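In what follows, a single structure is set out as structure tokens and then discussed.
What's counted below: heavy atoms across the whole structure, side chains too, no hydrogens, waters or symmetry copies. Atoms within each ligand, like the ligands themselves, are counted from 1 in listed order. Note that the coordinates shown come from a computational prediction; the quantities given were computed from them, not determined experimentally.
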Amino acid sequence: MTDDENPAKRAKKSASSLEGNRASFTAEENALVDALIACGQHHLFEAWPEAGTRDDDKRRFLAQAKTCDDGYPGGIAAYVKNAKKLLSDSKEGVNPFDGWTPSVPDGVVVEYASDEHLELEKAGMEEIGSAAFVLVAGGLGERLGYSGIKVELPAERTTDACYLQNYIHAILALQSRAAGEMPAHRSAKGVGIPLAIMTSDDTHAKTLDLLERNDYFGAKPTQVTLIKQEKVPCLVDNDARLALDAKDPYKLQTKPHGHGDVHALLHTSGLLSRWSAAGKKWVVFFQDTNSLVMKVVPGALGVSKEKKFVFNSLCVPRKAKEAIGAIAELTHVDGRKMTVNVEYNQLDPLLRATINKDGDVNNDAGASPFPGNINQLIVSLPEYKTQLEKTGGQIEEFVNPKYKDDTKTTFKSPTRLECMMQDYPKSLDADAVVGFTVFDNWVGYSPVKNSPADGVAKFKSGNATHTATSGEMEVYGCNAKLLSLAGAKIAAPKDVTFNDVVVPAGPRVCLHPTFACTFNELKGKVGGGVTIETPESVLVVEGAGVRLENLKLDGALVIKACSGATVTVNGLEVKNEGWTWKKAPADADEVDALRGFVIERGETAEYVFDTPGTYELP
Ligand code: UTP
């Protein structure tokens, strides 16, 4: 054993480097140093020069260590202890599902626009004023490869509204319905519907800037709260020694801890207590790039209410073995039970080892009986608050080290502990009512996560691409389908190719949430006399007072009505050259390059009603 590998010698060396420095530290700094040494982190101080040299750097190091210490329940000592256990389990290949048997949990499969759905929406809308929304937006989005934050990307380029704008406008529209006052953009009774956004160091400043530059997209600044998650230290080996930055020996290497942090932050920030005091009953969690999520929230909230779910995972139908987490009820040999997300690569072996030698297989309807978790979650606030008061919001963690070789002793690069928000039910008692709600992909699930290059690879292997290109076409496709379910006749989509991926492209329909927040509402505003004749047509509708009764569209039509303007479209025929979707040029900006096209806006019939009143078109 070299001196470097001998822990006793290392401890002595760092103790002597530290000795002279101690006098210049505060009591609190010394306590932190003691805590770090006590949990085996002497190496961090080994190279420290004598007092008087690089003192500012040492203090900078201690300030960062304190942030990490404060940001983790139980501090760095608890983090290191948890890491040692998880790293040891990982090395030994411990199976986390040993002793558990899966079955299909209680849940509701909802056919959008069915009578059942309409009833669920009504039940959900009775509750919506008692909801608070939480957007987790601390992720880097490395797979997408966009240089900015994901929530500033436009969900589609027809209106160019970014994700955050869409989310806030949808929440404000829901709020106005909850307050019983049409149209939107007015504050509801009491505090309105609050929105918390979890950011991280990677996204915080840009998110705040986006909100401030845009006047909070019409929300009251007090309605939106940013809660920032801290990163956690990286680990160099199975002893959970913390990693120093390769370029800066006075800096810990840190990485995101995962979206599971949201639970502890809602608790420690006092937000949950405030919401509870304001009479809120539900917390709706959603992600940064799923433009369709708000279409299914009212129905899913109705399910939560009817089924008394304390935790409801929004899901999509899932093909057997499809690469999306599955919701399963697990029963342990010792009688414990939990309904949780099981990763697809764990579900198949678990089923084979327990109830089905064929593993994860499709049922007669061509889908796995275990639905696919899209990680938009609805939680009943009173039970959630009580639970977080017990646990502090700590979520079961995992570690995923990439080992250099089979000895599993060294890592290719430092690793860290992570946690996921969907793992919250693991902390619940067996009698907690946990379930799921399934809607079809087209209406509630359109994530934009992948770069164009990864999209091509996914497309070639027959998988959903989840790129900015598919995301944009899915917005239009969903809105067009909603119109047709409401009775309109809509031209069928045509395949188009952008960024080497083929996507179905129908009429570019953008329905602002002020126009309709639910299918119940939409149905009452769209008549059977609406026809969009060509797949290249563009239709933008904004405003609670717009009604589409008789319309023939072949081209581009934009109708915007301010609050208090009632506009009835009855007998309008629009035929113009419309807009063209063209391949993006080689020097296209980043946002265009991500989707592979640019829009050439040609002739447009545009009707803007910016004064309250009653109008007819034509
Ligand atoms: P993603 O799975 O999309 O991960 O996160 P990501 O980190 O954003 O993107 P990649 O993996 O680097 O490509 C799902 C949701 O969780 C949020 C993301 O912002 C997204 O809304 N998230 C993720 C956090 O809020 N914090 C995290 O530490 C990680």
Side-chain angles (χ1 to χ4, degrees), residues 68 71-72 79 133-153 155 162-164 166-168 195-208 210 225-234 254-266 269 271 283-294 313-314 323-325 341 343-344 372-377 393-400 402 413 415-424 444-455 457-458 464-468 470-471 594:
C68 293
Y72 190 86
Y79 180 75
F133 283 75
V134 179
L135 166 61
V136 287
L140 262 174
E142 276 173 328
R143 283 170 291 167
L144 184 62
Y146 175 55
S147 64
I149 48 171
K150 287 186 269 177
V151 291
E152 77 175 342
L153 279 170
C162 71
Y163 282 98
L164 190 54
N166 282 324
Y167 294 143
I168 291 182
L195 168 67
I197 306 176
M198 182 169 80
T199 57
S200 65
D201 278 326
D202 298 318
T203 63
H204 185 84
K206 287 179 178 166
T207 308
L208 186 61
L210 178 66
T225 310
L226 267 52
I227 44 178
K228 184 163 79 78
Q229 61 177 145
E230 294 300 337
K231 291 185 182 173
V232 287
C234 295
T254 58
K255 280 191 181 162
H257 189 223
H259 43 57
D261 281 346
V262 72
H263 302 296
L265 279 173
L266 286 175
S269 64
L271 264 182
V283 186
V284 180
F285 294 89
F286 63 105
Q287 301 199 358
D288 51 17
T289 56
N290 182 10
S291 56
L292 303 180
V293 62
M294 297 296 173
S313 298
L314 271 63
I324 173 170
N341 178 81
E343 291 307 323
Y344 73 97
N373 171 30
I374 61 168
N375 239 358
Q376 327 285 326
L377 312 164
Q394 209 174 358
I395 296 302
E396 190 177 292
E397 295 164 304
F398 62 95
V399 70
N400 191 11
K402 306 275 180 286
S413 64
T415 186
R416 88 291 201 177
L417 302 191
E418 293 174 78
C419 61
M420 303 189 291
M421 64 177 175
Q422 65 269 34
D423 281 341
Y424 164 76
Y445 186 49
S446 172
V448 170
K449 284 187 192 285
N450 296 321
S451 66
D454 290 351
K458 291 203 180 285
T465 57
H466 297 162
T467 58
S470 63
L594 276 178

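- Under 4.0 Å from any atom of ligand 1, one finds heavy atoms of residues Val136, Ala137, Gly138, Gly139, Leu140, Gly141, Glu142, Arg143, Lys150, Met198, Gln229, Pro256, Gly258, His259, Gln287, Asp288, Lys449.
- Between the side chain of Asp423 and the main chain of Glu397, no donor-acceptor pair closer than 3.5 Å is present.
- A pairwise comparison of heavy atoms in Asn450 and Leu144 identifies O-CD1, 3.3 Å as the closest pair.
- Listed by first then second residue, pairs satisfying salt bridge (charged side-chain N to carboxylate O under 4.0 Å, His left out) with a partner in residues 444-454 number zero, not counting sequence neighbours.
- In this structure, the side chain of His263 engages the main chain of Met421 through a donor-acceptor pair within 3.5 Å.
- With rounding to the nearest 0.5 angstrom, the OG1 atom of Thr289 is 5.5 Å from the OH atom of Tyr163.
- No hydrogens or angles considered: a donor-acceptor pair under 3.5 Å links the side chains of Glu152 and Tyr146.
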